[in-house]
There are 2 protein chains.
Amino acid sequence: MERVRKRGHDPESVLAIAVRVFNERGYDGTSMEDLARALGVTKSAIYYHVPGKEQLLARALDRALDGLDALIADERAASGPAIARLERVVRQSVRILVDRLPYVTLLLRVRGNSATEQRALERRREFDAFVSHLVKEAAADGSIRPDLDPALVTRLLFGAVNSITEWYQPGRGGSADELADALLAMTFGGLRV
Amino acid sequence: MERVRKRGHDPESVLAIAVRVFNERGYDGTSMEDLARALGVTKSAIYYHVPGKEQLLARALDRALDGLDALIADERAASGPAIARLERVVRQSVRILVDRLPYVTLLLRVRGNSATEQRALERRREFDAFVSHLVKEAAADGSIRPDLDPALVTRLLFGAVNSITEWYQPGRGGSADELADALLAMTFGGLRV
DNA sequence: GTGTTTACCGAACATTCGGTCAGTTGACAA
DNA sequence: TTGTCAACTGACCGAATGTTCGGTAAACAC
């Protein structure tokens, strides 16, 4: 009946710690021995909780991708000017990135070395395509600068968004909303006074 | 007397191909066997040209870092308003990134797993500190929006710059200068019309 | 107290890793 | 023709890799 239990690990705590180590040393740079050390158990204990290294990666990537999918689903049902929807997508992306920081960080570093990684890259491309389409809409109705290529804007804009994973530390340096405010002020409004 | 030679590899061609594979699969995800396959030779032939895997990484990272160091050296001697110097640093950073794309790409993915990587990270931090200082100058003299934290602006701005390594392909999609123009238009001028 | 389950350990597994080394090949000079 | 030498091959090494498995101690159910 869900008592306090002997204390020890479960699939969730193993995943959380594994993802932290994956982000510190890179997935390929992390051995099961590294994970075991971080968990305070031996290598073999890990296999009691999870099926293996690649499954840990797959589960972590799903956490990130499920968040982005939910964002798309929400936003497909939305209406209003494209520029306003774009702004909302950026803001929500920042929120997801901050909420699920370690998982999104891992996702953004995936290079397609295994079937698991390739599947994740494909799902990620769907998100990119969605955003790209939105920027094109905003460009077509004349609400963003006409001298900039929409595809390029998409990439630079989300380059800035995604770079948050490189330095953001929860607790320090503002909430997701404050971050999004600053990012939108810079990219939509411009740095110059 | 420097004839045409038997044809085959030399340290330079090995490095170039190795870095390409490192960027495709990640440094830790690349085995010497992978490199040998890409070079069309056996593993042991690699050791005739270069001392080993980590030396390949070290040489590649130096190419990127030497470019950034040269930029700093140039710019320390420069004068003029901070905002103009910042703009020039961004433009030159884009140029170096494009000119030395595979090397800079590799540098930006380093996580400090070995002494070689840690040394590279330290050198990179010097560059970041230089840029950060420049943004603070521009903020102090009132030439960028006062509502944005200079440290945050530095990170987001160079987040956009560095993201170029994620998608840029030489030949396609404009020169370094055109890229820099678009990036500066977006971040300094703002997207909105 | 007995039996079951949970969470783990230690030893071993086959495979892959980065790296070494003695030998081979073929182009070239003399 | 002979000898040199750059550029490799192939066999191999010890260590590390991800994973499996038999066993076990402690907590729980009855």
Side-chain angles (χ1 to χ4, degrees), chain A residues 1-61 106 110-111 113-118, chain B residues 1-61 106 110-111 113-118:
Chain A
M1 258 287 267
E2 200 59 40
R3 294 275 193 85
V4 185
R5 285 268 154 237
K6 208 205 289 190
R7 80 156 136 188
H9 294 290
D10 58 29
E12 183 56 38
S13 70
V14 170
L15 179 61
I17 292 177
V19 170
R20 204 198 63 215
V21 181
F22 286 163
N23 282 327
E24 282 168 12
R25 316 170 71 97
Y27 174 75
D28 286 313
T30 303
S31 68
M32 293 303 276
E33 191 61 56
D34 290 331
L35 292 187
R37 211 173 300 122
L39 287 161
V41 296
T42 53
K43 249 193 321 176
S44 45
I46 299 174
Y47 290 88
Y48 177 76
H49 298 291
V50 292
K53 195 186 177 188
E54 198 168 347
Q55 279 296 320
L56 277 169
L57 178 63
R59 288 180 193 188
L61 296 177
L106 200 55
V110 155
R111 298 292 145 195
N113 281 356
S114 62
T116 299
E117 297 195 3
Q118 277 164 31
Chain B
M1 256 288 267
E2 200 57 42
R3 295 274 194 85
V4 186
R5 282 271 155 237
K6 209 203 291 193
R7 79 155 140 188
H9 294 289
D10 59 27
E12 183 57 36
S13 69
V14 171
L15 179 62
I17 292 177
V19 170
R20 205 198 62 215
V21 181
F22 286 162
N23 281 329
E24 283 168 11
R25 315 168 73 94
Y27 174 76
D28 285 313
T30 303
S31 69
M32 293 303 276
E33 193 60 56
D34 289 331
L35 292 187
R37 212 173 299 123
L39 287 161
V41 295
T42 51
K43 232 187 354 165
S44 42
I46 299 173
Y47 291 89
Y48 177 75
H49 298 292
V50 293
K53 194 186 179 189
E54 198 168 348
Q55 279 296 318
L56 277 169
L57 179 63
R59 288 180 194 188
L61 296 177
L106 200 55
V110 155
R111 299 289 144 198
N113 282 355
S114 63
T116 298
E117 296 195 3
Q118 277 164 32

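Values reported hereafter were calculated over all heavy atoms of this structure, with side chains retained and with hydrogens, waters and symmetry mates removed. Every chain is numbered from 1, with letters handed out A, B, ... down the list of sequences.
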A.B. asks: Please pick, from D/dG18, C/dG19, D/dC8, the nucleotide with the shortest atom-to-atom distance to any side-chain atom of B/H49.
C.D. replies: D/dC8
A.B. asks: Can you measure A/E33 atom CD to C/dC17 atom P for me and round it to whole angstrom units?
C.D. replies: 19 Å
A.B. asks: Think B/H9 has a side-chain N or O under 4.0 angstrom from the OP1 or OP2 of D/dA6?
C.D. replies: no
A.B. asks: Can you tell me how far P of C/dC8 sits from CG of A/D10, to the nearest Å?
C.D. replies: 9 Å
A.B. asks: Do the side chains of B/Y48 and B/V41 get nearer than 4.5 Å, heavy atoms only?
C.D. replies: no
A.B. asks: Could you state the atom-to-atom distance from CD1 of B/I46 to P of C/dG18 in whole Å?
C.D. replies: 9 Å
A.B. asks: Between B/S44 and D/dT9, does any side-chain N or O lie under 4.0 Å from OP1 or OP2?
C.D. replies: no
A.B. asks: Quick one: is D/dT20 close enough that its OP1 or OP2 comes under 4.0 Å of any side-chain N or O from A/Y47?
C.D. replies: no
A.B. asks: If you find the nucleotide of DNA chain D closest to B/K43 and the one closest to A/M32, which residue's nucleotide is nearer the 5' end?
C.D. replies: B/K43
A.B. asks: For the residue pair A/F22 and A/L56, establish whether any side-chain heavy-atom pair is separated by less than 4.5 Å.
C.D. replies: yes
A.B. asks: Nearest whole Å is fine: how far is D/dT17 C1' from A/R25 CZ?
C.D. replies: 14 Å
A.B. asks: Can you measure B/L57 atom CG to C/dG18 atom P for me and round it to whole angstrom units?
C.D. replies: 13 Å
A.B. asks: Atom CD of A/Q55 and atom OH of A/Y47: how far apart are they, to the nearest 0.5 Å?
C.D. replies: 11.5 Å
A.B. asks: Please say which of B/R20, B/R25, B/K43 ends up in a salt bridge (Lys or Arg N to Asp or Glu O under 4.0 Å) with B/D34.
C.D. replies: B/R25
A.B. asks: Select from A/Y48 and A/T42 the residue whose nearest nucleotide in DNA chain C is closer to the 5' end of that strand.
C.D. replies: A/Y48
A.B. asks: Starting at atom CG of A/L39, determine the distance to atom P of C/dC9, rounded to an integer number of angstrom.
C.D. replies: 10 Å
A.B. asks: Is it the case that D/dT19 (base atoms only) and A/K53 (side chain only) share a donor and an acceptor within less than 3.5 Å, ignoring hydrogens and angles?
C.D. replies: no
A.B. asks: Specify the angle, to 10°, made by the local axes at the two ends of the helix from C/dG1-D/dC30 to C/dA30-D/dT1 when five pairs are taken at each end.
C.D. replies: 10°
